[in-house]
Structures are given as C-alpha cells and as structure tokens.
Amino acid sequence: MNHVVRAALWLYASLVRLYPRALREAFGDELLAVFALKLRAAQDRGPLAVVGVLWAELRDLPGIVVRASWLPEGGRSSWQPRAATWAAMAPFLLSALLQAGNGLTRIVPALALPLQLWLGWLVLAVWALVLLVGVARGLPRWSLPTGGMALGTIGFIINGSGTFGGIRLHWRITYPSWVHWYGQYLLPSIAVLALLLGLCMALPWLRPLARRWRDDWTQLSFLLYGFTLIALEMLDMHPSEMPLTIAGLLILAGGAWAYMRAGTTAGRLLALGGAATLMMAVAGLGQALLSTPEWHRRFPLWRNLGDALVGWLWLLGALLTPALLALLPRRATPTAPATGGSLPEVGSPTAPGGWAREDDSWRTAVAGTLPFLAFGLASLERYGLLPLVPSAPPFGLIVPAVYGLLLLGLLVGWARGFPRWAYAYLGLPFVSALAWMGLPIGGLGGNALLGWRAWLPLAAVVALMLLAPHAPHRLTCLATGIWKDWSRLTFALYGCLPLAMFALVDEIDGRSQGLLLLTTTLALAAGAWAYLHSATPARGAGALAAGLLAAATLISVGNSVYWGGRFEPWMRDGPPTWYEVAAQGLALTMLAVVLMLAPALLAVIRHWVRSQRRSAPPQTT
Amino acid sequence: MAVRDEESGQTPSAQGTIPLRAPTFFILLSLAPGVKHGYAILKDVAALSEGTVVLSAGTLYEALGRLLTQGLVARADDDDRQRAGPPRKAYHLTNAGRQALETETNRMDHLVALARHRLAREEP
C-alpha cells in the first residue's frame with residue numbers, strides 16, 4: 001500500500017467522524033471497508049484516481065450530514081411544513097404578522113383601529129388555542145415555543161416592572177449591574193422553568209413529562225427559544241424597527257422549522273443556536289448600519305454592537321442551560337442493585353487493567369475540558385481582552401463564576417459515581433480555595449482578605465456530598481476508581497495545572513499574561529480531551545504528558561521572552577538572561593512530569609503486565 | 001393534564017417516496033435480482049447507469065440507512081463463507097421495496113408514453 005492510499009484511508013477514517021452519530025454507528029465499519037475496496041480499485045489507475053475517490057466522499061459529506069441529521073424520515077419528504085411545524089412556528093409568524101399590521105396602519109391611518117383590534121384578537125386566539133391544545137396533549141414539541149412565550153410572560157410579571165394588561169405592577173426586582181437587560185428577562189423564566197421541572201419530577205402523574213425532557217433536554221431549549229424574540233426589543237424606536245423585527249421573527253420561525261426537522265441533539269441545537277445567532281446578527285448589524293445620524297448620536301455604533309453581542313451570549317447561555325439536565329444521574333431501574341443505584345461499576349471485570357473506555361460523547365469531552373477552558377476564558381476577561389462585563393460586582397465576577405463551576409463539576413461528578421472526566425475537578429477546588437484566600441474582599445470589607453471565607457463554598461459542597469444518600473458507595477467508587485486506574489490520579493493532578501500555570505506567569509504584565517494563560521489552558525484542555533478519548537492507558541498517559549509539555553513549553557517560551565534581560569527593583573542578582581529563565585522552566589517541567597505522570601506510568605506498566613499474563617499459555621501440571 | 005410518555009412520531013413507510021431520486025432508484029434496481037453487499041451495489045449502480053451515477057460510500061450508506069428505515073430494503077446474512085476477511089453485511093429488497101420500484105418504473109413508463117405520444121402528434 002503506498003503513502004497516498006494510506007493517507008487517504010486515514011483521512012477518510014477522520015471524515016467518518018463527521019457523519020451523524022446514527023449513521024456512523026450503523027454503518028461505520030462498512031463505510032471504511034467499502035472505501036478501502038474503492039481505493040484498491042482506484043489504485044491501479046494512479047494517485048489521481050485515489051484522490052478522486054476521496055474527493056467524492058468529501059464532496060458528498062455536507063449533503064449526507066443534512067439529509068441524515070435534518071430529514072430523519074428521509075426520502076423525498078416534502079419541504080412544506082406539516083401542521084405540527086406550522087404550530088411550532090406560530091408564535092414567530094404571528095408576531096411578524098402583528099408587526100406587519102402595525103406597519104400597514106402607518107401607511108393607511110384609517111385602518112389603524114379596526115386592523116389592530118381584529119389582528120390583535122386573532123393572534124391572541126391562535127396563541128391561546130395552540131397553548132391549550134398543547135397542554136391538553138402533554139406539551140408535544142410543536143407547542144413548546146408558545147409555552148415559552150407564556151413562561152416569558154410569567155417572568156415578566158415576576159420582574160414587576162411596567163404594566164401588564166393595563167395593570168400596573170408595583171414591585172420590581174433589582175438585579176446587579178452586570179446582569180444585562182436580556183438577563184433580567186431570561187433569569188426569572190429559567191427559574192420558573194426549573195421550578196416546573198422540579199414539580200414534574202416530584203408529582204408522579206407528571207413524571208413521564210420530566211422523563212421525556214430528561215431524555216431529550218433540547219425540548220426545554222425549544223421552550224426557552226419561544227422567548228428569544230424578546231431580544232428584538234433592542235430595535236424599539238429604531239428607524240428600521242419594523243422590517244428588521246419582521247426579518248428577525250422570520251429567522252426564528254426558520255429555526256423552529258429546522259428544529260422540528262432535525263433528528264439529532266446536535267442538529268436541534270444547531271437549528272436553535274444558528275437561528276438565534278442569525279437573528280441577533282441581522283438585528284444588531286441592521287440596527288448599526290440602517291440608522292440615521294440622530295440615532296447614531298444617541299447610541300454609538302460600538303455600544304449597539306456590544307449590546308447585541310452580550311444579548312447573543314445570554315440567548316445562547318439560556319438555550320444551553322437545559323444541558324445541565326443531561327448531567328443529572330438517572331433514576332435507578334428496579335433491576336439495579338439496591339446499594340449501587342445508577343452508579344457505574346468502576347473497573348469492572350470487563351475492563352482489563354482497570355482501563356475501560358468510558359462514554360466518549362461530546363458531553364464527556366465538554367465536562368472534562370471545562371475547568372481548563374474556564375480558566376482560559378476567565379483570563380480573557382481578567383486582562384481586558386474581551387470586555388464582557390461592563391461593571392464587575394465586588395471582588396470580580398470571574399473568581400466566583402469559575403469557583404462555582406468547579407464546585408458544580410465536583411458535585412455532578414460525585415452524583416455520577418466519579419467517572420473519568422470528574423477527576424479534573426477533584427484537586428482544583430481545593431488548590432483554588434487555598435490560593436484565593438489571599439484575594440481582597442473589596443467592596444464587602446475594605447482591604448480585608450478573603451481568608452478562611454474562601455473555603456466556605458467548598459466546605460458546604462463537601463458537607464452536601466457526605467450527607468447525600470449513597471455517600472459511602474460514592475466514596476468507594478472514588479477510591480476504587482483510582483486504585484483500578486492510577487492514571488485518574490494523574491488526571492486529578494493535571495486538573496490543578498491551570499492554577500500552577502497562573503502562578504508561573506503572575507508577574508508578567510497585563511495582556512501578555514492573559515494571552516499566555518489562554519494558549520496554555522487551551523493546550524491543557526486539548527490534552528484532557530485526548531486523555532478522555534484514549535483507548536489504552538499508554539495513549540492516556542501520552543495525552544496528559546503531551547498536554548503538560550505543550551503548556552510548559554508555552555510558559556517557558558513566554559517567560560524567557562518576557563524576562564530575558566528585563567530588570568526589576570526586586571531582582572538581587574541583576575536581570576536574568578533568557579536561557580537562565582528557560583533552564584528554570586525546564587527544571588520545573590521535569591519535576592512536574594516526574595511527580596504528575598508517575599501514577600499514569602505505573603498504570604501503563606500494570607496494564608502491560610496483566611495483558612502479558614493473560615496472553616501467556618496456561619501451565620499444565 | 002394527561003401526559004403521554006412518547007410523542008406520536010411519523011411511522012416509516014414507503015409512502016411519499018415516489019418519485020425516487022436517481023441514486024435510490026438505481027440502488028433498488030441493483031438489489032432487484034437478489035442479495036448484494038455494499039461494494040457490489042456500488043459497482044452495479046455504476047454499471048447500470050453507464051457511469052452517470054457513481055455513488056460515494058457515504059451516499060450509499062446514507063441511502064441504505066434511509067431505505068432500511070422505510071422498510072424498502074432489509075439486511076441479509078452474507079452467504080459467502082469461503083471468503084476471507086471480516087463478515088460483510090448484505091442487503092436485499094423487501095416486498096415494499098419491490099413494489100416501490102415497480103410503481104416508479106410504471107410512473108416513468110407513463111411519462112415516456114406521454115412524451116412519445118405528444119412528440120408523435122406534433123410531427124408534421
């Protein structure tokens with residue numbers, strides 16, 4: 001087999017990963033086998049024919065992805081929406097109709113009163129009908145956006161500002177200044193949704209609904225999607241308000257159509273996230289570009305665009321919030337052991353050498369790489385590379401947000417019996433609490449430091465974990481997980497690296513430090529991702545070693561460039577040379593490699609010894 | 001509120017598949033004589049269409065997945081046990097698939113007859 005064929009096979013194996021999961025799982029092996037046969041046949045016709053075979057696969061990929069993901073019923077299914085799809089699009093199309101009606105009244109003022117009255121009643125009647133029929137039928141998908149609008153209305157009443165149905169609301173919730181106005185609308189709706197979900201889980205006759213949402217959490221995203229049209233409020237009083245709002249609403253209707261057609265979680269999320277993104281792009285850019293000089297004087301361009309960007313992030317965050325449902329432990333089935341519940345059997349006999357290839361879905365990858373990515377993104381914000389928070393609350397938003405994420409990861413990992421990804425959260429909360437003791441409290445207490453208070457959230461989470469049901473079993477899972485797969489200990493230590501990297505670049509100025517931390521944490525995240533997808537202990541150890549070495553190299557190079565020849569008043573021996581700094585970095589890296597990778601290397605050796613024993617012929621007596 | 005455990009979905013059927021797309025038509029036609037595995041279907045489709053329809057592996061299996069869901073084709077065991085290598089999966093036409101193929105052929109027959117009739121009538 002020549003190099004071209006080998007490269008084509010490797011490329012195609014990578015390409016197959018881009019196919020929808022269902023297609024991959026059903027035909028993965030056959031796809032590779034048939035492609036290899038096609039290559040063999042093309043080989044006689046020369047390298048160009050081989051490239052042609054690969055090109056044909058590449059060319060067909062987008063169409064296959066669309067057909068297999070978005071048209072699950074397949075065939076020549078009509079592109080005309082069915083009744084259910086029309087119902088799902090109804091809230092957006094009806095809102096667009098209202099907007100168009102309002103526009104018409106400006107052109108023909110005589111029509112204003114009757115048209116607005118009749119159109120208003122018609123739209124309200126259809127909304128009520130869709131909602132009532134939807135509720136009566138157990139909230140099927142098509143009714144969810146309308147349900148989302150109802151949810152948003154409840155959130156609006158909870159917020160208490162302004163008037164509702166002619167009744168003045170006398171209360172008003174005050175939010176911290178960093179909560180954007182989109183957040184002020186979205187947060188109460190999400191809170192009501194969480195309450196509703198809790199009710200569904202608690203009441204036996206509503207449990208099927210909770211189970212359906214648990215199985216396909218994008219339904220809750222679709223519910224919240226019904227409320228995303230509130231973002232078009234940004235166009236209020238804009239000279240091009242009507243056409244831009246109608247365009248935004250039609251885009252949202254298109255998103256609802258695509259959601260109803262999509263057959264996979266990724267396809268559904270793509271439909272909702274894509275439509276929300278396009279809607280915000282059209283509204284934000286339209287608002288900026290189609291403005292009058294008067295509008296520009298009142299609202300500068302950068303402010304409009306920044307507003308749209310923050311709103312977009314809030315929308316995406318809201319649509320992704322239901323993904324947390326997927327992390328909840330599943331209810332134990334009657335056949336499961338009473339003490340084990342739904343917890344996995346760690347290091348089961350089917351896992352030779354304690355290395356079982358666990359769930360390698362995107363959820364696992366996100367969960368395992370999130371602590372690293374969070375540090376990287378936090379550094380972007382911390383050093384002003386991406387100013388997302390206009391006015392930070394006391395002692396910053398970033399520290400509590402990252403800390404909260406780490407604690408949440410620890411809690412979810414505990415609830416799920418410590419799968420491999422959860423070890424990334426094992427050490428970092430403790431080291432972080434230790435480091436953050438030195439942070440100033442700021443607005444809360446003058447110049448005082450956070451001190452022992454830094455441990456309070458962690459102590460609360462640990463207490464919750466120990467008091468929760470099945471705590472001894474979960475502790476056993478943690479211990480046996482490490483005992484049967486020592487590389488998990490390495491991964492727990494690896495999880496502490498973002499903070500160690502931060503300590504190493506702490507004295508570097510501003511943005512250089514931010515960029516260095518961002519690239520370093522991305523390298524660490526890539527290592528964690530590769531570890532979680534490794535098929536053998538050796539590959540797992542290699543992935544972590546590669547991540548560590550890449551991060552250490554970046555830090556060493558950054559430090560050498562920054563400190564080489566630089567003099568600071570606190571330096572006793574004069575300015576260091578770049579190679580002295582590099583040598584220090586190398587020594588530290590070697591120390592970290594030895595300390596951190598030792599358990600993973602032991603796991604590799606143990607795995608090898610066990611596999612040798614297993615393959616040795618049995619001795620006869 | 002009566003909550004149903006599952007939402008009512010569309011049941012796969014052969015209805016609504018006519019007219020067939022060219023690759024689907026040729027795949028069904030290729031399976032009409034009997035059982036074939038993936039690569040044999042690819043070669044047969046290229047031969048039947050005289051090189052006008054050359055399927056990529058991805059397109060073939062995306063179509064086969066759809067046809068399996070619609071019940072127009074079904075999996076069959078590969079009887080070629082003498083062959084070396086891993087076991088291959090083979091496919092055959094179901095009754096519904098044969099019926100869909102016949103319906104599509106009749107439809108095309110009708111179109112061709114209509115076209116011939118119109119062309120013959122317009123000749124001076």
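Sequence lines set the chain letters: A, B, ... in the order given, protein chains first and strands last, and positions in each chain run from 1.
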Exercise for the section: Work out which heavy atom in Ala41(A) is nearest to a heavy atom in Tyr39(B); give both atom names and the distance. Expected result: CB-OH, 3.4 Å

Fill in the blank from the handout: Minimal heavy-atom distance between Leu23(A) and Tyr61(B), with the atoms involved, is CD1-O, 3.6 Å

Problem - CZ (Arg59(A)) with more than 12 external heavy atoms under 6.0 Å - result: yes

Handout entry: Distance (rounded to the nearest 0.5 Å) between Phe35(A) CZ and Leu42(B) CG
Key = 11.5 Å

Problem - CG/Asn106(B): more than 12 non-hydrogen atoms of other groups inside 6.0 Å - result: yes

Problem - Atom pair CG (Leu61(A)) and CD (Glu62(B)), whose distance is rounded to the nearest 0.5 Å - result: 11.0 Å

Handout entry: Short N-O contact, Arg75(B) and Glu30(A), less than 4.0 angstrom
Key = yes

Acceptor/donor pairs from residues 53-60 of chain B side chains to any protein atom, 3.5 angstrom cut, sequence neighbours excluded:
{"from": "Ser56(B)", "atom 1": "OG", "to": "Asp60(A)", "atom 2": "OD2", "distance (Å)": "2.6"}
{"from": "Ser56(B)", "atom 1": "OG", "to": "Thr59(B)", "atom 2": "N", "distance (Å)": "3.2"}
{"from": "Ser56(B)", "atom 1": "OG", "to": "Thr59(B)", "atom 2": "OG1", "distance (Å)": "2.8"}
{"from": "Thr59(B)", "atom 1": "OG1", "to": "Asp60(A)", "atom 2": "OD2", "distance (Å)": "2.7"}

